[in-house]
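For reference, the structure discussed in these notes is given below.
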2 protein chains.
Amino acid sequence: MRPNLKDMESRYNEKQVQILSVAERLFSEQGFSGTSVRDIAGAANVNVAMISYYFGSKEKLLEAIFDYRISSTAIQMEHLLAQTHVDPFEKIEMLVDHYVDKLQNNTCFFKIMQSEHMKGHGNKDLDGIIFQSKKKNFDLISALIAEGQKKGLFKKNIDVSLMVSTLVGASNQIYIGQQYYKRLHELDDMPEEKFQQLLKKRMRVFLKNMFKAILTYEL
Amino acid sequence: MRPNLKDMESRYNEKQVQILSVAERLFSEQGFSGTSVRDIAGAANVNVAMISYYFGSKEKLLEAIFDYRISSTAIQMEHLLAQTHVDPFEKIEMLVDHYVDKLQNNTCFFKIMQSEHMKGHGNKDLDGIIFQSKKKNFDLISALIAEGQKKGLFKKNIDVSLMVSTLVGASNQIYIGQQYYKRLHELDDMPEEKFQQLLKKRMRVFLKNMFKAILTYEL
DNA sequence: AATTATTAATTAAACGTTTGTTTGAATGTT
DNA sequence: AACATTCAAACAAACGTTTAATTAATAATT
């Protein structure tokens, strides 16, 4: 699965994008420590020294990937939920669609994010970046939930953190483990593109129903 | 967070358990590639050579961790869902309780599992072990769902894979990211033990309600 | 427009560490 | 005596990063 190049081409030149893109893919496949700068340089067809030259270090290369990817997604989410004329249920649907899209188009980055998230206390800078991103999502979705509750559409006593973790965790788990989904459902013969469409459709339906259920279901 | 020692003490001697236990913790904190055999040896207070001596290689040490942890959990799950006199709703509750318990007592291993799951095509042996474990869980839960549907308790058209992924993904996400949960809810001052209890209780309620909702909610 | 001066990009080679693993001798246990 | 354990030391290979020399591109000066 290849990273989404287009978004990177503004701040960095062609060669830098090449390095960032390759690094993103390799980090996602082999982990940060499991990927050497020589792996990256080799796959990106550049000299090893270019990585230090452009990014300073391997660590800072990772930060560069995070820095951009996070800022680009946070803005879109804010935009999405700011629309006042859309009713809360529809916003939930938009939220799910948006997240699934992002996940499908940035699978590599989401994997890296999940990895770094698990390590925790590794890189202080990264930890800050990740927390800020989580906080923003939490606040945005909290507001959405509150709006729905105020209008009497959603039930009371909703733990937003658990809800967001469920969206993120469930989606990532499904996406990351899509090869298992394929094998379990004996879909190995299906062409890759068809399978991606199928998975996306099923995920959307499933997640939307799940959230409607969570938000309205009373014992 | 320390690994759960007790389960390992049958097959391995004291020193081996010491190594396995320390390795499990370090792998979960720093990743497999991010942890050196000298890190492990140092933290376990044994000579570096002991790791090769007892386990053959770093890779096989990881496999040893997997081998045991997986087999010990699979059996319990089977036992749990085999009870014929318990109704499907109650089984769902037991399933959630069991999973949350396992997760809380084996957080280290679950992290490693998640990491290896993400890398995918790394270690062939491990891939097989993980898939078999997933398949078993899938089959067991499929049977449970079918039973509930047959009795008219659950709705039709439930995608078991997505449901299992949701349980696993959501729970892991919450647990792995519990430091964020703490910070977002301003629970930093709460004693660790109290917080663990709180989180466990909230997770159980949340997951149970979620599954009941998923299994019964119609548009 | 041609030449020079300046900066940027690129390279192969080398740097000192750290990596996983092995060795062979020493010690403990049966 | 035979076997299992432990150890410091050594191994080659891989690691991230730097160096110093060279080429390419850009700016400045004639």
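The sequence lines fix the lettering, A, B, ..., with proteins before strands; numbering per chain opens at 1.
- Taking 4.0 angstrom as the limit, A/S36 places none of its side-chain polar atoms (N or O) nearer than this to OP1 or OP2 of D/dA14.
- Side-chain contact of A/D101 with A/Q104: a donor-acceptor pair under 3.5 Å is absent, judged by distance alone.
- Summarising the geometry, the separation between CD1 on B/I40 and P on C/dT19 is reported as 11 Å, rounded to the nearest angstrom.
- Atom CE of A/M50 is separated from atom P of D/dT19 by 16 Å (rounded to the nearest Å).
- Note: CD (A/E59) to C1' (D/dC15) measures 14 Å, nearest angstrom.
- Rounded to whole Å, the distance from OH on A/Y54 to P on D/dT17 is 17 Å.
- B/T35 comes within 4.0 angstrom of sugar-phosphate atoms only, judged by non-hydrogen atoms across all strands, and of no base.
- Each of D/dT18, C/dT23, D/dT6 was ranked by its minimum atom distance to the side chain of B/K15; first place goes to D/dT6.
- Proximity of B/Y53 to the phosphate of C/dT22: no side-chain N or O atom is located under 4.0 Å from OP1 or OP2.
- For the pair A/I51 CD1 and D/dT19 C1', the interatomic distance rounds to 17 Å; values are reported in whole Å.
- Side-chain atoms of A/Q30 and B/K119 include no donor-acceptor pair closer than 3.5 Å.
- Put simply, OH on A/Y12 is 18 Å from C1' on C/dA9, counting in whole angstrom units.
- Listed pair B/K58 / C/dT19 fails the phosphate criterion, with no side-chain N or O lying under 4.0 Å from OP1 or OP2.
- Between B/N47 and D/dT5, a side-chain N or O to OP1/OP2 separation shorter than 4.0 Å is absent.
- A/E14 places its CD atom 15 Å from the C1' atom of D/dA24, with the value rounded to the nearest Å.
- Cation-pi geometry between B/K15 and B/Y54 is not met at under 6.0 angstrom from the ring centre and within 45 degrees of the axis.
- Distances were taken from every side-chain heavy atom of B/S57 (C-beta onward) to each of D/dT6, C/dA9, C/dT21; the shortest belongs to C/dT21.
- Residues B/E192 and B/Q196 have side chains that bring a donor and an acceptor to within less than 3.5 angstrom of each other.
- There is no side-chain donor-acceptor pair under 3.5 Å between B/Y99 and B/N137.
- Residues A/R38 and B/V37 each lie close to DNA chain C; by heavy-atom proximity, the contact nearer the 5' end of the strand is made by A/R38.
- For the pair A/D39 CG and D/dT17 P, the interatomic distance rounds to 14 Å; values are reported in whole Å.
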